[in-house]
Amino acid sequence: MSKPVRVRFAPSPTGPLHIGGVRTALFNYLFAKKHNGTFILRIEDTDQNRYVEGAEDYIVESLNWCNIPFDEGPGKNEKFGPYRQSERKHLYKQYADELIASGNAYYAFDTAEALDAERKQHEANKETFIYNWHNRLNLNNSLSLSKEETQAKLDNGDDYVIRFKSPQDETLHLKDLIRGAIKIDTNILDDKVLFKSDGMPTYHLANIVDDHLMEISHVIRGEEWLPSLALHMQLYTAFGWDAPEFAHLPLILKPTGKGKLSKRDGDKLGFPVFPLEYTSPDGDISKGYKEEGYFADAVVNFLSFLGWNPGTEQELFNLDELISAFDLDRVNKAGARFDPDKIKWFNHHYMQEQNNDDLATTFQDNHSELNDIDVNYIAMCVGLVKERATFVSDFWGLTKFFFIAPENYDEKASKKAFKDETKDLMTKLISIVSNISDFDVETLQKEIKGWITGNDIGFGKVMMPLRLALVGALQGPDVFDIMYMIGKNETIKRLEKVISVL
RNA sequence: UGGAUGCUAGCUCAAUUGGAAGAGCGCCUGCCUCUCAAGCAGGAGGUUGUGAGUUCAAGUCUCAUGCAUCCAACCA
């Protein structure tokens, strides 16, 4: 039917990729895969002043960690390359010149200082300075100067920028896939700089040229670009090109209060706002979801619900399910509030699907106390407690009694569990345990429960102090599982110890 | 200040072309149990930001207003 779907994620390498950027990348990826299309990574590094070393690698690593790799991009399947705008520098000037030739753009020689002064003066008069039709003839450009003067300046090598000549008294009818029809009066638009004096294009020019050259079919980007849509559509018209479809995603808002989610919110409220840990050139470290123990699938699932929902009650989606369920029609318009508790909830669910051996390996790597312990044993412990864990880092607190005997007993629990007859009961229990030769869960259960019911003792009187002896607190999985795991000798040792403090 | 976009439960979001306001998370209660979670079941929670208008009928359309965000760079 229509053109093949080609979408791009076009971040600027100015630092670590924000979690909102990951969401934008994800939606592009889902849309591409849903329509058997191509997901492209393009690096928008036209601002050399803001370039940060390592940021591009960080972006690529983040996408890979999330399992949403790009199909085309720097160093990969370069059919439409290069994919770094700095390496496409030679392409842009001719297009700017083309716009000048067609009367859609003009040279401007105003210095940054002159424009700054204008802005300040307007501000003092409580006005807004806009460089456009109403004042461009009073400023220093090829429209206000004569042809000869302009040429003389160019020949002289004066610094210049190329500005778009925004039309007067027109109404633009724009279409956004998520927001519908938008009307814009061109009189309020300004003459945006398309080409900078350093020989680089601005975002606006590079973006349109590259999207055209790379045959992008759908532009899916953040809402912060919505005000630029009018300019971009006019550029397509000026070039005589077919424009792609546009979809502007809602912003991601702070968990508390109002406002856009920022790096500071993460620092303040203690959750990451970046996919991977990031160390800035200054040495500042920002937390990452990966390093904090989140599973990539959980992060992706959570992110997919920021501004989108499937219209059903299903919340748990793997990547394939997301691809088939995703639809731009179901992306909503309002800003999405970031809820750190919800992402933990997702992580807990994904924890249950993890392989115990893999979890055990990670767990062991993170705890030197476990160095000499058989990984299979650790995996069994993990299997017993993971239903109550959200992160691998929860494991130690949940399993330490499998590896080391409790040193003391929780005070409140002791009051509840230790009674006058406890000493006698525990002593008797030791002899029962000692006599069990098949030391497995079933036998333990049968023998001990049989003893309790047979003598009408009451479960709490035995089980609570027993649990306290083994764990040190009234917590943890099934008591018989614990006994089986630590073994007969250790069980008896712990019972003897608890008797000694009674 | 100007323009754009948005506003439904505490939070994330639902609600064919206008046609009885719903789910999940969180919270509370119960069940389960040797404990804490998890799990299961139930419950509370809403004048759809506010005010008008059009209509037999408005969360949905129109206008006004409030609040929030984005843009208003030779940043992206």
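Keep in mind the model is a prediction, meaning the values are calculated, not measured.
Scanning atom types as modelled, one donor and one acceptor separated by under 3.5 angstrom connect the side chain of A/Asp478 and the base of B/C34. The base of B/C11 has none of its N or O atoms less than 3.5 Å from a complementary donor or acceptor on the side chain of A/Arg337. For B/C74, its base sits under 3.5 Å from the side chain of A/Ser197 at one donor and acceptor pair at least.
Shortest non-hydrogen contact noted between A/Ala473 and A/Arg467 is O-CG, 3.6 Å.
In this structure, CD on A/Gln85 lies 10.0 Å from CG on A/Leu91, to the nearest 0.5 angstrom.
Within the nucleic acid shown, A/Gly307 comes within 4.0 Å of sugar-phosphate atoms alone, with no base atom in reach, counting heavy atoms only. Here A/Arg221 lies out of heavy-atom contact (under 4.0 Å) with every strand. A/Phe305 comes within contact range of the sugar-phosphate backbone alone, with a heavy-atom separation under 4.0 Å but no base atom that close. Within the 4.0 angstrom heavy-atom criterion, base atoms lie near A/Asp110. Across all strands, A/Glu44 comes closer than 4.0 Å only to sugar-phosphate atoms, never to a base (heavy-atom distances).
The side chain of A/Val479 sits closest to B/C34 out of B/C74, B/C34, B/C25. Looking at the side chain of A/Thr46, the nearest of the listed nucleotides B/U35, B/A76, B/C25 is B/A76. Comparing B/A73, B/C13, B/A76 by their closest approach to the side chain of A/Asn332 singles out B/C13. For A/Arg388, the side-chain atoms get nearest to B/C36 when compared with the rest of B/A72, B/C11, B/C36.
A/Thr171 and A/Asp185 are not linked by any side-chain donor-acceptor pair at a separation below 3.5 angstrom, with hydrogens and angles left out of the test. Remark: the A/Asp440 side chain and the A/Thr443 side chain contain an N/O donor-acceptor pair separated by less than 3.5 Å. Remark: the A/Asn187 side chain and the A/Asp169 side chain contain an N/O donor-acceptor pair separated by less than 3.5 Å.
Within residues 460-468 of chain A, the residues approaching RNA chain B are A/Met463, A/Met464, A/Arg467, by heavy-atom distance under 4.0 Å. Within residues 160-168 of chain A, the residues having any heavy atom under 4.0 Å from RNA chain B are, by residue number, A/Val161, A/Arg163.
Here the P atom of nucleotide B/C74 and the CZ atom of A/Phe109 are 16 Å apart, to the nearest Å.
Geometrically, A/Arg136 does not engage A/Tyr131 in a cation-pi contact, judged by NZ or CZ lying under 6.0 Å from the ring centre and within 45° of the ring axis. Under the 6.0 Å distance and 45° angle rule, A/Lys153 counts as a cation-pi partner of A/Phe109.
Aromatic ring centres of A/Phe164 and A/Tyr106: separated by at least 6.0 Å.
Among A/Arg179, A/Lys333, A/Arg23, the one residue that satisfies the salt bridge (charged side-chain N to carboxylate O under 4.0 Å, His left out) test with A/Glu223 is A/Arg179.
Under the rule for a salt bridge (Lys or Arg N to Asp or Glu O under 4.0 Å), the partners of A/Arg494 that lie at least two apart in sequence or sit in another chain are A/Glu490.
The separation of B/C28 from B/A20, taken at their P atoms, amounts to 35 Å, rounded to a whole angstrom. Straight-line distance between the C1' atoms of B/A44 and B/A58: roughly 28 Å, to the nearest whole Å.
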Can you check nucleotides 2-7 of chain B for protein contacts, nitrogen or oxygen pairs under 3.5 Å, and list what you find?
from: B/U5; atom 1: O2'; to: A/Arg179; atom 2: NH1; distance (Å): 2.7
from: B/U5; atom 1: O2'; to: A/Glu223; atom 2: OE2; distance (Å): 3.4

Every protein N/O lying under 3.5 Å from an N/O of nucleotides 40-47 of chain B:
none

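Looking at heavy atoms from C-beta onward, A/Asn104 lies out of side-chain contact with A/Lys165 at the 4.5 angstrom threshold. Between A/Tyr350 and A/Thr390, the closest side-chain pair of non-hydrogen atoms is not below 4.5 Å.
Counting only Watson-Crick and G-U wobble pairs whose two distances sit under 3.5 Å, RNA chain B takes part in these stems of three or more pairs: B:1-7 with B:66-72, B:10-13 with B:22-25, B:27-31 with B:39-43, B:49-53 with B:61-65.
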